[in-house]
Protein chains: 2
Amino acid sequence: MNDNGQNGEKKKSRRPSQERTAQRDPERTRAAILEAATREFAENGMGGARVDAIAERAGTNKRMLYHYFGDKEQLYLRVLEEAYVGIRTAERALHIGDRSPEEGIGELALFTWRYFLQHPEFLSLLGTENLHRARWLRQSVRLKELHSHLIGELSDVLERGKKQGVFVESADPLHVYLTIASLGYFYLSNQYTLSTIFGRDLIEPNHLNAWERHIVHVTLASIKH
Amino acid sequence: MNDNGQNGEKKKSRRPSQERTAQRDPERTRAAILEAATREFAENGMGGARVDAIAERAGTNKRMLYHYFGDKEQLYLRVLEEAYVGIRTAERALHIGDRSPEEGIGELALFTWRYFLQHPEFLSLLGTENLHRARWLRQSVRLKELHSHLIGELSDVLERGKKQGVFVESADPLHVYLTIASLGYFYLSNQYTLSTIFGRDLIEPNHLNAWERHIVHVTLASIKH
DNA sequence: CCATCAAGTAACTGTTTAGTTACCGGCTTG
DNA sequence: CAAGCCGGTAACTAAACAGTTACTTGATGG
């Protein structure tokens with residue numbers, strides 16, 4: 001079908017594509033690259049991730065990657081942004097203000113823990129971004145407004161609890177969120193070194209459940225009267 | 001050029017007992033490589049660290065690096081091991097059992113927080129090692145015995161507190177340590193993304209002090225009656 | 001004073017990597 | 001149906017990389 005000497009002029013003829021497989025689907029290709037990049041960056045960090053590996057995982061090639069995302073750094077930022085959008089979107093659906101203050105905080109703690117547990121790639125991306133001192137996140141314009149909602153809603157719940165006399169006056173919304181996130185993040189993201197040095201498999205279901213209860217307990221114990 | 005003349009020193013002392021001109025200094029070179037590697041790995045991770053950069057930072061060259069440490073991976077493991085030895089050694093000097101149970105736990109929490117604060121490279125190395133699922137740490141033979149002392153001593157303090165009725169029966173030594181470490185680790189290692197998304201400079205001294213107090217408060221609140 | 005050996009230097013090598021270029025072919029539209 | 005745009009392929013390139021080799025320097029003991 002493809003005749004190399006079609007007009008006799010030797011242009012650098014390459015190997016003809018023999019098996020024409022998939023139909024064209026820009027949206028699918030783009031999404032596949034993003035997902036493959038998420039896995040590759042999460043597993044290997046920014047320095048360890050390979051552009052070739054991403055293209056291969058996505059079932060496409062580097063040309064498309066550069067076409068859709070510019071370069072490795074822009075692709076990485078895109079991955080990071082999507083990861084943040086993912087957790088903040090799920091968080092909004094919680095509506096922690098609909099319950100009693102105590103239940104609301106417990107609910108947020110449970111949600112955060114379980115989200116971390118189900119999205120190890122998010123934790124990993126955070127680790128990588130912090131290794132680089134938020135070099136790429138700081139350039140993001142999309143993410144300024146994304147996080148204020150969380151603190152606002154949490155602040156309301158705490159105020160309500162204080163008025164009802166169940167929470168101490170000193171309870172601070174950022175501190176409460178950092179407490180919840182700390183306990184989940186460290187346990188999961190450092191599970192490999194921790195399991196190694198303490199000789200206990202932290203990912204075992206019983207330990208996981210015990211730690212989930214512990215997070216809720218610690219969070220509430222630190223702000224309750 | 002520099003002829004000392006005297007060769008009357010016929011003691012078979014292989015080492016020149018004093019006053020080495022320091023042109024050549026194996027011990028110093030070795031230490032310089034280890035320190036340079038610690039910084040390079042902490043700043044760039046395993047995948048991002050460059051062997052050339054380590055040699056240059058150490059004021060030497062790659063030949064010496066490979067001569068003393070074998071290859072990049074062995075050097076990295078060495079750096080990681082030294083980091084663990086550093087914190088566990090400092091920890092032992094605390095003797096948390098010498099005080100009342102409550103003071104002992106508070107002391108451990110304060111120490112851990114301040115050690116993390118003063119050794120950001122340790123946190124960074126932990127992050128890198130966990131990204132790779134403890135691939136190198138698991139191969140280490142030196143580190144099996146290093147950590148049991150911590151849990152043992154902590155366990156004693158908790159038992160004493162339970163007998164005195166100040167701590168709840170459910171208090172678990174590993175959970176207590178993980179709580180302390182979580183709160184310190186997450187705040188510091190994720191300070192860059194956190195400061196960016198929440199618009200607050202977490203490394204500012206007032207915030208740092210507030211978090212230090214918070215860690216002690218949370219830790220004790222979670223185990224006290 | 002010279003043989004030896006360890007400390008140290010610098011240029012080199014084969015491979016890997018991010019990013020580019022040359023080319024292909026289906027689809028739309030004038 | 002020709003023109004050309006757009007999704008897609010694969011080979012290519014310059015630079016960066018981990019690791020090696022050939023060599024120099026200087027202290028020490030015989």
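In what follows, every chain begins at residue 1, and chains take the letters A, B, ... in the order their sequences are listed.
- In the set dG7(D), dG19(D), dA18(C), the nucleotide with an atom closest to the side chain of Y66(B) is dG19(D).
- Salt bridge absent: E129(A) and R138(A) never bring a charged side-chain N and a carboxylate O closer than 4.0 Å.
- Contacts of A49(A) with the nucleic acid, taken as non-hydrogen atoms under 4.0 Å apart, involve only primed sugar atoms and P, OP1 or OP2.
- The distance from atom CD of E56(A) to atom P of dT17(C) is 12 Å, rounded to the nearest whole Å.
- Here N61(A) reaches the OP1 or OP2 of dT9(D): one of its side-chain N or O atoms lies under 4.0 Å away.
- Put simply, T29(A) has no side-chain N or O that comes within less than 4.0 Å of OP1 or OP2 on dG7(D).
- Of the charged side-chain nitrogens involved, none lies within less than 4.0 Å of a carboxylate oxygen, so that R39(B) and E121(B) do not count as a salt-bridged pair.
- Taking the side chain of K62(B) as heavy atoms from C-beta on, and the options dA18(D), dT9(D), dA18(C), the nearest nucleotide is dA18(D).
- For M46(A) and dA18(C), the CE to C1' distance is 11 Å, given to the nearest whole Å.
- Rounded to a whole Å, the CG atom of D52(B) is 16 Å from the P atom of dT17(C).
- As a whole-Å value, the separation of M64(B) CE from dT9(C) C1' is 8 Å.
- Separating the CD1 atom of I33(B) from the C1' atom of dA18(D) is a distance of 15 Å, rounded to the nearest angstrom.
- An OP1 or OP2 oxygen of dA18(D) is reached within less than 4.0 angstrom by a side-chain nitrogen or oxygen of K72(B).
- Place R50(A) and R63(A) on DNA chain C by their nearest nucleotides, and R50(A) ends up nearer the 5' end.
- Residues E212(B) and R114(B) are paired through a salt bridge, judged by an N-O separation under 4.0 Å between the basic side chain and the carboxylate.
- Here T60(B) reaches the OP1 or OP2 of dT9(C): one of its side-chain N or O atoms lies under 4.0 Å away.
- With salt bridges taken as basic N to acidic carboxylate O contacts below 4.0 Å, none links E43(A) and R50(A).
- dA7(C) atom P lies 15 Å from atom CG of L65(B), rounded to whole Å.
- With rounding to the nearest 0.5 Å, the separation of CD1 in I180(A) from OG1 in T112(A) is 5.5 Å.
- As rounded to whole Å, 10 Å separates atom P of dT9(D) from atom OH of Y68(A).
- Atom NE2 in H67(B) sits roughly 14 Å away from atom C1' in dT21(D) (whole-Å rounding).
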